[in-house]
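Report on the structure given below.
The structure displayed is predicted, hence computed values, not measured ones. As a basis for the values below, the full set of heavy atoms in this structure was taken, side chains included, without hydrogen atoms, waters or symmetry mates. Quick note: residue numbers are just sequence positions, from 1.
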Amino acid sequence: MSAVPKDIEKDLARAELEDVLAYHDGNALAAVESLLADCRNLRGRLTVYDRMASKGYTRGWKPGIE
């Protein structure tokens, strides 16, 4: 169970969404494109890390894309 109540989580998520839209001057398509580009970038970095890190270094834990 989350330590943060659901209504507070929803308020925080909405505030984040409003911040992203404000950053892109209300252009929802530009906001989605930016977020998808960030997601691709982070997945790429995770893939590189996954290939570089050994299981011994991480004590058996390996990051996964999903």
Side-chain angles (χ1 to χ4, degrees):
M1 182 173 211
S2 176
V4 180
K6 291 289 182 188
D7 55 339
I8 294 175
E9 279 185 25
K10 286 181 182 180
D11 291 343
L12 292 173
R14 183 164 183 96
E16 283 181 317
L17 176 60
E18 289 172 354
D19 288 345
V20 170
L21 286 172
Y23 180 82
H24 293 283
D25 298 322
N27 186 341
L29 183 58
V32 170
E33 288 173 346
S34 174
L35 292 171
L36 289 173
D38 288 346
C39 184
R40 279 191 299 274
N41 179 34
L42 292 172
R43 285 177 184 258
R45 288 178 183 219
L46 185 58
T47 299
V48 169
Y49 175 77
D50 183 47
R51 292 179 182 158
M52 291 174 51
S54 71
K55 281 195 176 230
Y57 177 74
T58 59
R59 296 183 184 202
W61 177 82
K62 290 283 280 186
I65 296 227
E66 294 303 320

Would you say the side chain of Arg40 lies within less than 4.5 Å of the side chain of Leu36, judging by non-hydrogen atoms?
yes
Minimal non-hydrogen separation, His24 against Ala30, with atom names:
CE1-O, 3.8 Å
Would you name the heavy atoms of Leu21 and Ala28 that are closest together and state the gap between them?
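Nearest heavy atoms, Leu21 then Ala28: CD2-CA, 3.7 Å.
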Check for a donor-acceptor pair, side chain of Thr47 on one end and backbone N or O of Arg43 on the other, with a separation under 3.5 Å.
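Yes; judged by distance alone, with no hydrogens or angles, the pair exists.
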Pairwise distance CG(Leu12) to CG(Asp7) - rounded to 0.5 angstrom:
10.0 Å
